Amino acid sequence: MSNQELGKAYDPSQVEDRWYRFWTEQGYFHADPAARKAPFTIVCPPPNVTGSLHMGHALTFTIQDILIRWKRMQAYNAMWLPGVDHAGIATQLVVERQLKRTENKTRHDLGREEFLRRVWAWKAESGSRITEQLRKLGCSLDWKRERFTMDDGLSAAVREAFVRMYEDGLIYRARRLINWCSRCFTALSDLEVEHKDEAGSLWHIAYPVLGSDDKLTVATTRPETMLGDTAIAVHPEDERFKHLIGKRAVVPLTGRDVPIIGDAELVSKEFGTGAVKVTPGHDPNDFEVGVRHSLEQLSIFDTAGRLIAPAPVKYVGLTVADARKAVLADLEAEAALVKTEPHALALGRCGRCDTVVEPMLSLQWFVKTKPLAAPAIAAVEEGKTRFVPESWTKVYMHWMTNIRDWCISRQLWWGHRIPAWHCAGCAAITVAREAPAACGKCGGAVTQDEDVLDTWFSSGLWPFSTLGWPEQTKDLKNFYPNSVMETGHDILFFWVARMMMMGLYFMKKPPFHTVYLHAMVVDEDGEKMSKVKGNVIDPLDVIGGASLESMLAAAEKAGAPKQALSNIKKTYPDGIPAAGADSLRFALAVQAAQGRNIRLSLQRIESFRHFANKVWNASRFALMYLKGFDPDRFADALREEPKSLGLGLAERWILSRLTRVSKEVDDALEDFRVNEAAQQLYRFIWNELCDWYIELAKPALHVEGPASSLTDEVARRKRMAQGTLTTCLETALRLLHPFMPYLSEEIWQKLPKPLGTPNSIMVTLYPIPDAQLIDDEAETVMGLVQEVVGAVRTLRAEYGVPLAARPRVVVFATGARLEVLTAQLALVQGLARAEVELAQGPGTAPEKSVQAVVQGDVEVYLPLGGLIDVAAEAARLDKELAKARADVAFSERKLGNASFVDRAPAEIVDKERAAMAEAKAREEKLAAALARLK
RNA sequence: AGGCGCGUAGCUCAGUGGAAGAGCACUACCUUGACACGGUAGGGGUCGCCGGUUCGAACCCGGCCGUGCCUACCA
């Protein structure tokens, strides 16, 4: 590669697509299962096929890509498998809506087969959108291994899993109380129901006791369900009602009478009236009571959410809401409604469509979870799988321990059809991998079960079904268990827990070693991003930029309300400027602290766009001065015998810092502290490499003329600076690559590199810290240089000495410090932009000068030609002196404490003594300066 | 009702036992031969409150207040 010059500012749009294409063409995303390298696997949790990339995706895929690129550069056989999920309910809903809109038809008008054909057509057209978007983000996914949960292979895996579990008695069919969404028209698992507290009422209703004048008053939040009551329950030890147990009560409005039972588990004596109506057909608690007391189960709602018999004819056909009104009115009329009080209740709503879910008796398929949960608990207890952050272990354990059977059948068309066939003749069920010709029991005709499986059933198999299971493929052998599962903590139960259960059951090993759960991306006010609120930031808008008009159009298309549109107008009057994928990635990474939500703002992203530009310009600077530089000689010497190079202080210092930072970045990534790794890089590149080293190297680099015209020493110094700068930059870019793949590649390609270097940064080695380069002395000396330079700069700034002026500065120092400063005089002068006179201290203050004190006894004087504002200088010195005195007092108090000196580690005590000596010296100098001034 | 977080500079957040840090915002100065998407300097914090442990606490322990999330069948 030649040393091309870079443009003045980094423009991601000119860079990103080009490199993504290059990486793909080179096959660098593909992992060869035959490679003789240790595997590192991440199987990406599949996003919904209906989805388009949002910030949550951007975060999870950024973190995964960071991990995978890092491990790939560490010479692991890194494999990151992409794919999407068929998202049963969501997808069916999308296609149904489209059908309604374009043809005004329902899925029933088309019939099952034709409808499914339409879904596949929709998938072919819009379903791959998200995978395209992931490419924009720079994700190094192994696209050759891309999977879809409805693929043939994965469908076969689902059938295999179902059949085996059925044969092992882990899948059964039963009539149970399930969650029913009357809009999606399907059963839901407990996890798909969201509970929120909502305002409601507690109605007190009087039930006449049969054969007496007594009335028993119950309290309920759902009066309409009384039409399905089959008992009244009181606490068996409640003196008020004990005598009624065994008698019967009349259910108002129905004329039916039901038993009064005693049940200590259901009824609390303190709550409400102390008596509870029991509706086993429409309440999970009551269902349990019904089982305990052999009560009748009445269903009075149909699947569409309307009342049916045995509810009295009068109410049949009403919706649940209307029935409530009617029932309350009628109770009032009968004077059976005793009291109404406000009461909050947790209503269950469908996670997909927000419709209130109704507990309904229904014949469904279930997974027996207890036997699956036990190994999933053990695997974590035994440390075979660990959670990061560790605090999720408890949450997982709690859920696994209290797990309930899982309803897996859905009354949908889009999904894996349940591999069970019902016999018309004998009603036997045949469960099989392939459609049976006839009933296994009586040989009669069979028809396949109409239902499909919960989408999460196939997701549970994902870590191994994607690798070819049930076939014993090379991939399966090589990449199972996966190394890391990286996902949001919101789907710990949906995905992780079920993958654990399924993985252990079918593969006998947990599906992953580490589960890394990241926090949620929210807006800058900490609110969940939602289209309804209009506070979403679309990752693609951030990457490529967006006009206000296009943002409004997109929001409108997504069905955002007016309020959301006006929010967008207010927040982004000028749209969003293009920041590029790398800036977005870095912004997400640096904020991804464990256990804390990420409040994302455009402003924050912009600051990392500036960072990208900073890296770009530092590189641009370097490239300007690297012409004719031979990287091989320097690199070899640095690796084999760094001392032989005779590096200057600045070089030794920055290489030492680079080495430490490499180690810190690597350590942080090892612990999933992605944010700290990113932060370290940001600081190193900006605050050390750019702010200090580049400035320090300028004099050495900025020498005119061809090498032959320079003296040997000047030419040598230039080579050292060139070599050091290249090394730091090249190493920093490799460190940065997992975070900012495009920028790092674009620049890296242009840097001079030793022979035999690969053709892409993504297949180079991740930097390995070289202990030889750690240089404590250089770091200490640089510390002094920085402080002296800082003192001069402060004085210049305080007294308005213009930058163009090159004032005379007098510095007095003693001992080792004087030696060091003498040796580094050129550096100090360059950075301070001053002529520095060094002398043995203590010295006499030059006429009309202002002063600072550094490291105890280094005196820095800036003589001012004209008049000094005595009052201002006195005030400044006063402040410094006060600080010095406070420092002395603090140390004195500490060292005066006998138990501190006795019990604190010697190292700490020594440090404190040194600090006191330094502060005392400083105090003395400052006091003298002040006295002189007055 | 339980569980888990969080509370540090105006804002957003790092920091897990030895005298408080970053980014943004703010103030002053500066077109200095990489960068104004920049530079230099500066202002700004009793680390939510109260106790305890410790020579020493933002950090460990207990309680309280505020706040967020998750789980749960209290009608």
Side-chain angles (χ1 to χ4, degrees), chain A residues 6 8-10 190 195 202 218-222 233 265-268 270-279 283-289 343 345-346 359 389 391-392 394-395 398-399 402 489-490 492-493 519-520 522 524-526 528 577 579 583 587 590-591 593 595-601 603-604 606-625 673 675-676 679 682-683 686-687 690-691 694-695 698 702 790 793-798 800-804 833 886-887 890-891 894 897-905 907-909 911-912 915:
Chain A
L6 302 180
K8 195 167 174 182
Y10 176 55
D190 296 340
H195 296 272
L202 195 60
V218 305
T220 179
T221 54
R222 303 199 53 197
E265 217 172 302
L266 179 74
V267 186
S268 135
E270 289 75 33
F271 188 88
T273 59
V276 185
K277 58 191 264 332
V278 183
T279 321
D283 183 284
N285 289 320
D286 294 4
F287 180 84
E288 298 299 324
V289 176
H343 183 75
L345 75 160
S391 55
W392 290 106
K394 211 169 160 184
V395 179
H398 181 259
W399 190 79
N402 297 292
H489 65 67
D490 54 336
L492 171 60
F493 307 137
M520 301 291 106
V522 294
E524 53 190 318
D525 301 317
K528 211 169 171 174
S583 311
V590 86
Q591 287 188 90
R596 188 191 279 263
N597 283 351
I598 294 175
R599 293 199 188 194
L600 197 68
S601 69
Q603 198 188 40
R604 193 78 194 240
E606 203 183 353
S607 71
F608 297 107
R609 197 186 95 221
H610 296 172
F611 174 60
N613 194 52
K614 187 76 181 177
V615 177
W616 179 264
N617 273 289
S619 310
R620 188 162 162 259
F621 170 82
L623 286 171
M624 283 177 178
Y625 291 99
R673 289 175 284 122
N675 61 318
E676 286 180 45
Q679 182 109 31
Y682 183 100
R683 269 193 209 166
W686 200 312
N687 302 125
C690 292
D691 288 351
I694 285 183
E695 295 307 319
K698 275 180 182 173
H702 198 69
R793 284 173 174 172
T794 303
L795 292 175
R796 290 184 67 128
E798 299 261 345
V801 177
L803 200 70
R833 294 180 167 270
D887 290 350
F890 180 86
S891 293
K894 221 167 170 181
N897 181 346
S899 48
F900 170 72
V901 180
D902 289 349
R903 308 178 79 154
E907 190 192 318
I908 299 295
V909 178
K911 211 174 130 193
E912 201 56 52

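These numbers were taken from a predicted model, which means no experiment stands behind them. Order of the sequence lines fixes the chain letters, A, B, ..., with proteins taken first and strands second; residue numbering starts at 1 for each chain.
- Atom CD in A/Q603 sits roughly 13 Å away from atom C1' in B/C13 (whole-Å rounding).
- Counting only heavy atoms from C-beta outward, the side chains of A/E907 and A/K911 never approach each other to under 4.5 Å.
- Among the heavy atoms of the strands, none lies under 4.0 Å from A/E288.
- A sub-4.0 Å separation between OP1 or OP2 of B/G38 and a side-chain N or O of A/H610 is present.
- When the nucleotides B/A19, B/A75, B/G18 are ranked by their closest atom to the side chain of A/I908, B/G18 comes out on top.
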Quiz item: How does protein reach along nucleotides 65-74 of chain B, written 5' to 3' as B (base within reach of a heavy atom under 4.0 Å), S (only sugar-phosphate), or - (no contact)?
Solution: ------S-BB
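- The CD atom of A/Q679 sits 10.5 Å away from the CD atom of A/Q591 when rounded to the nearest 0.5 Å.
- Taking 4.0 angstrom as the limit, A/Y682 places none of its side-chain polar atoms (N or O) nearer than this to OP1 or OP2 of B/A14.
- Taking atom CZ on A/R796 and atom C1' on B/C29, their separation rounds to 11 Å, with Å as the unit.
- Checking the phosphate oxygens (OP1, OP2) of B/G39, a side-chain nitrogen or oxygen of A/K614 falls inside 4.0 Å.
- In this structure, A/D691 reaches the sugar-phosphate backbone alone: every heavy-atom distance under 4.0 Å involves primed, P, OP1 or OP2 atoms, never a base.
- Taking for each of A/H702 and A/F608 the nucleotide of RNA chain B with the nearest heavy atom, the 5'-most of the two is the partner of A/F608.
- Across all strands, A/L202 comes closer than 4.0 Å to no nucleic acid atom at all (heavy-atom distances).
- OP1 or OP2 of B/A34 lies within a sub-4.0 Å distance of a side-chain N or O belonging to A/K698.
- We find that CH2 of A/W686 is positioned 14 Å from C1' of B/U40, with the value rounded to whole Å.
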Practice problem: Encode nucleotides 53-63 of chain B as B, S and - characters from 5' to 3', where the letter depends on protein heavy atoms closer than 4.0 Å: B to the base, S only to sugar-phosphate, - to neither. | Solution: --B--------
Exercise. Could you walk me through whether A/L266 and A/D286 pass side-chain contact (heavy atoms from CB on, under 4.5 Å), step by step?
Key: CA-CA 8 Å; A/L266 179 74; A/D286 294 4; 3.9 Å; yes
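- Contact check for A/F900 versus A/I908: side-chain heavy atoms found under the 4.5 Å cut-off.
- Looking at the side chain of A/A797, the nearest of the listed nucleotides B/A75, B/A14, B/A41 is B/A41.
- To the nearest whole angstrom, the two P atoms, one in B/A58 and one in B/G17, are 13 Å apart.
- Among residues two or more places apart in sequence or in another chain, the side chain to side chain contact (heavy atoms under 4.5 Å, CB included) test is passed with A/A579 by A/V542, A/S583, A/I605, A/R609.
- Separation of the P atoms belonging to B/G48 and B/A9 is 8 Å when rounded to the nearest angstrom.
- Mapping A/A275 and A/S391 onto RNA chain B by nearest heavy atom places A/S391 at the nucleotide closer to the 5' end.
- Side-chain contact between A/D887 and A/F890 is absent, with no heavy-atom pair separated by less than 4.5 Å.
- Here the CG atom belonging to A/N897 is positioned 11.0 Å from the CD atom belonging to A/E912, to the nearest 0.5 angstrom.
- Expressed to the nearest 0.5 Å, how far CD of A/E265 lies from CG of A/N285 amounts to 9.0 Å.
- Note that CZ of A/R793 and CG of A/L803 are 10.0 Å apart. Values are rounded to the nearest 0.5 Å.
- Between A/W399 and A/F493, the angle of the ring planes stays under 30°, which puts this pair in the parallel group of the 30/60° scheme.
- For the pair A/K911 NZ and B/G17 C1', the computed distance is 12 Å after rounding to whole Å.
- For A/Y682, the ring pair (Phe, Tyr, Trp, His ring centres under 6.0 Å) partners two or more places apart in sequence, or in a different chain, are A/F608, A/F611, A/W686.
- In this model, no side-chain donor or acceptor of A/E270 finds a partner on the base of B/A75 within 3.5 Å.
- Using C1' as the reference atom, B/C49 and B/C65 are 7 Å apart when rounded to the nearest Å.
- At a threshold of 4.0 angstrom between heavy atoms, the contacts of A/G800 with the nucleic acid are absent.
- For the pair A/K394 and B/G3, the criterion of a side-chain N or O lying under 4.0 Å from OP1 or OP2 is not met.
- Across B/C13 and B/G51, the matching P atoms stand 29 Å from one another, rounded to whole Å.
- In this entry the distance linking CD of A/E695 with C1' of B/U32 reads 9 Å, nearest Å.
- A close approach under 4.0 Å does not occur between any side-chain nitrogen or oxygen of A/R604 and OP1 or OP2 of B/U12.
- Here A/R673 pairs with A/D671, A/E676 under the side-chain hydrogen bond (donor to acceptor under 3.5 Å, both in side chains) rule; sequence neighbours left out.
- Atom C1' of nucleotide B/G33 and atom CE of A/M624 are separated by 8 Å, given to the nearest angstrom.
- For RNA chain B, if you chain together Watson-Crick or G-U pairs that step i with j, i+1 with j-1 and so on, the runs of at least three with distances under 3.5 Å are B:1-7 with B:65-71, B:10-13 with B:21-24, B:26-30 with B:38-42, B:48-52 with B:60-64.
- Between A/T794 and B/G42 there is a side-chain N or O to OP1 or OP2 distance below 4.0 Å.
- Rounded to whole Å, the separation between the C1' atoms of B/A72 and B/G18 comes to 45 Å.
- At the heavy-atom level, A/R609 lies under 4.0 Å from base atoms of the strands shown.
- Note: A/L202 CG to A/L345 CG = 9.5 Å, rounded to the nearest 0.5 Å.
- Across the P atoms, B/G63 and B/G5 are found 14 Å apart, a figure rounded to whole Å.
- Remark: side-chain polar atoms of A/N597 are not paired, donor with acceptor, to backbone N or O of A/A519 under 3.5 angstrom.
- The same atom, P, is picked in B/C64 and in B/G23; the two are 39 Å apart, to the nearest Å.
- Distance check: A/M520 CE to A/D490 CG gives 3.5 Å after rounding to the nearest 0.5 Å.
- Between the C1' atom of B/A34 and the CZ atom of A/F621 lies a distance of 7 Å, rounded to the nearest Å.
- Here A/R596 reaches the OP1 or OP2 of B/G7: one of its side-chain N or O atoms lies under 4.0 Å away.
- Straight-line distance between the C1' atoms of B/C60 and B/C47: roughly 16 Å, to the nearest whole Å.
- A straight line from CH2 of A/W616 to C1' of B/G38 spans 17 Å, rounded to a whole angstrom.
- Taking only side-chain atoms of A/S607, from C-beta outward, the nucleotide of B/G23, B/G33, B/A19 with the closest atom is B/G23.
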